[in-house]
Amino acid sequence: LLTAPGEPSEGHVLAVPLLRASEVVGVIALYQPQDSEWFTDADEEALYSLARQAAIAVENVMLHNEAQVASLTDPLTGLWNVRYLTMVVNQEIERAARFDRPLAVLMLDLDHFKLVNDTHGHARGDTVLTEFARRLQSVVREVDTVARYGGEEFVVVLPETSVDGAVRLAERIGATVRDRPFDA
């Protein structure tokens, strides 16, 4: 028996998994000292009942978190959406003003994107948007916020970044896009 810090290394253990569908999302474990009696059937049934209720509570929290993330992300690209972008921009403007720090924002638009959809179809256009989002994320810092503004428009929020820094990033983004064709 492997024990975690704070768990007794001897005695009786009654453990029940917390299940979400068929996935284990946690475990409830009860420990009895070695010199006490074994757990009873009533103890086991009570723990199973508690575990079922706890699993429902855990699932509700997980569903709430998933819904919250879904409400802030673009379903196609996985980037943040306009709702999240608005919150971040407001926070970053306030922070930059309060501490007199630089802040840059890049607005990006894919030229002639309508032609991609018209010529190759919307599924191909979706593939291009997804690949562009991936390439964009590959060149920004972890502290930067990348969001899909709408259609083929994207925004990058760059805290602690001067105009020169933003221009250098814009050039890197352009090079990343021009570096190789977008695969079919």
Side-chain angles (χ1 to χ4, degrees), residues 18-26 54-184:
L18 302 180
L19 299 173
R20 179 183 187 203
S22 59
E23 177 188 5
V24 176
V25 295
I56 292 168
V58 168
E59 180 170 16
N60 286 339
V61 168
M62 292 172 79
L63 288 171
H64 175 76
N65 289 342
E66 290 167 6
Q68 193 166 12
V69 167
S71 76
L72 299 174
T73 56
D74 174 60
L76 177 64
T77 63
L79 297 177
W80 297 114
N81 64 18
V82 174
R83 181 175 177 221
Y84 184 81
L85 174 66
T86 302
M87 293 185 312
V88 167
V89 166
N90 289 334
Q91 290 171 350
E92 291 297 341
I93 288 172
E94 184 179 314
R95 191 173 67 81
R98 182 181 321 124
F99 298 112
D100 195 28
R101 303 299 304 157
L103 172 67
V105 177
L106 295 178
M107 182 79 176
L108 309 170
D109 182 88
L110 299 180
D111 291 340
H112 313 293
F113 184 74
K114 184 179 181 322
L115 185 61
V116 172
N117 280 336
D118 291 347
T119 305
H120 303 286
H122 288 275
R124 177 71 179 116
D126 288 352
T127 301
V128 169
L129 291 172
T130 302
E131 176 63 16
F132 177 76
R134 190 193 63 72
R135 291 184 193 187
L136 186 56
Q137 286 182 296
S138 75
V139 296
V140 300
R141 303 170 301 181
E142 192 173 314
V143 298
D144 300 333
T145 300
V146 180
R148 183 172 178 203
Y149 190 72
E152 73 277 7
E153 297 171 329
F154 297 81
V155 174
V156 184
V157 181
L158 305 163
E160 301 287 330
T161 305
S162 66
V163 171
D164 290 340
V167 168
R168 284 192 302 276
L169 176 61
E171 290 169 351
R172 275 200 325 271
I173 292 169
T176 299
V177 170
R178 290 185 298 273
D179 185 40
R180 67 181 192 287
F182 284 74
D183 297 325

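We number each residue from 1, following the sequence as shown. Quantities reported herein were computed from a predicted structural model and do not represent experimental measurements.
Contact check for Ile173 versus Leu106: side-chain heavy atoms found under the 4.5 Å cut-off.
The side-chain contact (heavy atoms from CB on, under 4.5 Å) test applied to Arg135 returns Glu131, Thr176, Arg180, Phe182, not counting sequence neighbours. Scored by the side-chain contact (heavy atoms from CB on, under 4.5 Å) test, Ala96 finds Leu103 as partners (sequence neighbours excluded). Not counting sequence neighbours, Ser22 has no partner by the side-chain hydrogen bond (donor to acceptor under 3.5 Å, both in side chains) test.
The line from OG1 of Thr127 to CG of Leu76 is 8.5 Å long, rounded to the nearest 0.5 Å. Here the OG-CZ distance, from Ser138 to Arg172, works out to 9.5 Å after rounding to the nearest 0.5 Å. Atom CG in Leu129 sits 10.5 Å away from atom CZ in Arg124 (nearest 0.5 Å). To the nearest 0.5 Å, atom CG of residue Leu85 and atom CG of residue Leu72 are 11.5 Å apart. With rounding to the nearest 0.5 Å, the separation of CD in Gln137 from CG in Leu79 is 5.0 Å. Within the model, atoms OG1 of Thr86 and CH2 of Trp80 stand 13.5 Å from one another, a figure rounded to the nearest 0.5 Å.
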Could you check Thr161 against Arg141 for side-chain contact (heavy atoms from CB on, under 4.5 Å), going step by step and ending with a plain yes or no?
CA-CA 11 Å; Thr161 305; Arg141 303 170 301 181; 2.9 Å; yes
What do the steps show when you test Glu92 against Arg95 for salt bridge (charged side-chain N to carboxylate O under 4.0 Å, His left out), and what is the final call?
CA-CA 5 Å; Glu92 291 297 341; Arg95 191 173 67 81; 2.9 Å; yes
Check the pair Phe132 / Val177 against side-chain contact (heavy atoms from CB on, under 4.5 Å), numbers first and verdict last.
CA-CA 7 Å; Phe132 177 76; Val177 170; 3.4 Å; yes
Could you go through Leu108 and Leu136, starting from their C-alpha distance and side-chain angles, then the distance that decides it, and tell me whether this counts as side-chain contact (heavy atoms from CB on, under 4.5 Å)?
CA-CA 10 Å; Leu108 309 170; Leu136 186 56; 3.7 Å; yes
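Within the structure, the side chain to side chain donor-acceptor pair (under 3.5 Å) test picks out no pair touching residues 104-113 (sequence neighbours left out). Sorted by first then second residue, the salt bridge (Lys or Arg N to Asp or Glu O under 4.0 Å) pairs that include residues 64-80, not counting sequence neighbours, are Arg20-Glu66, Asp74-Arg148.
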For residues 153-160, which side-chain N or O atoms pair as donor and acceptor with protein atoms under 3.5 Å away, sequence neighbours left out?
unit_1 : atom_1 : unit_2 : atom_2 : d
Glu160 : OE1    : Arg101 : NE     : 2.9
Glu160 : OE1    : Arg101 : NH2    : 2.8
Glu160 : OE2    : Arg101 : NE     : 3.4

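Across Ala104 and Ala166, no two heavy atoms sit closer than the pair CB-CB, 3.6 Å. Contact between Leu18 and Ala55 at its shortest, heavy atoms only, is CD2-N, 4.0 Å. Among all heavy-atom pairs drawn from Val139 and Leu169, the shortest one is O-CD1, 3.5 Å.
A donor-acceptor pair is defined here as one N or O able to donate and one able to accept, closer than 3.5 Å; such a pair exists between the side chain of Asn81 and the backbone of Tyr84.
Heavy-atom contacts from other residues, nucleotides or ligands closer than 6.0 Å to CZ of Phe113 number more than 12.
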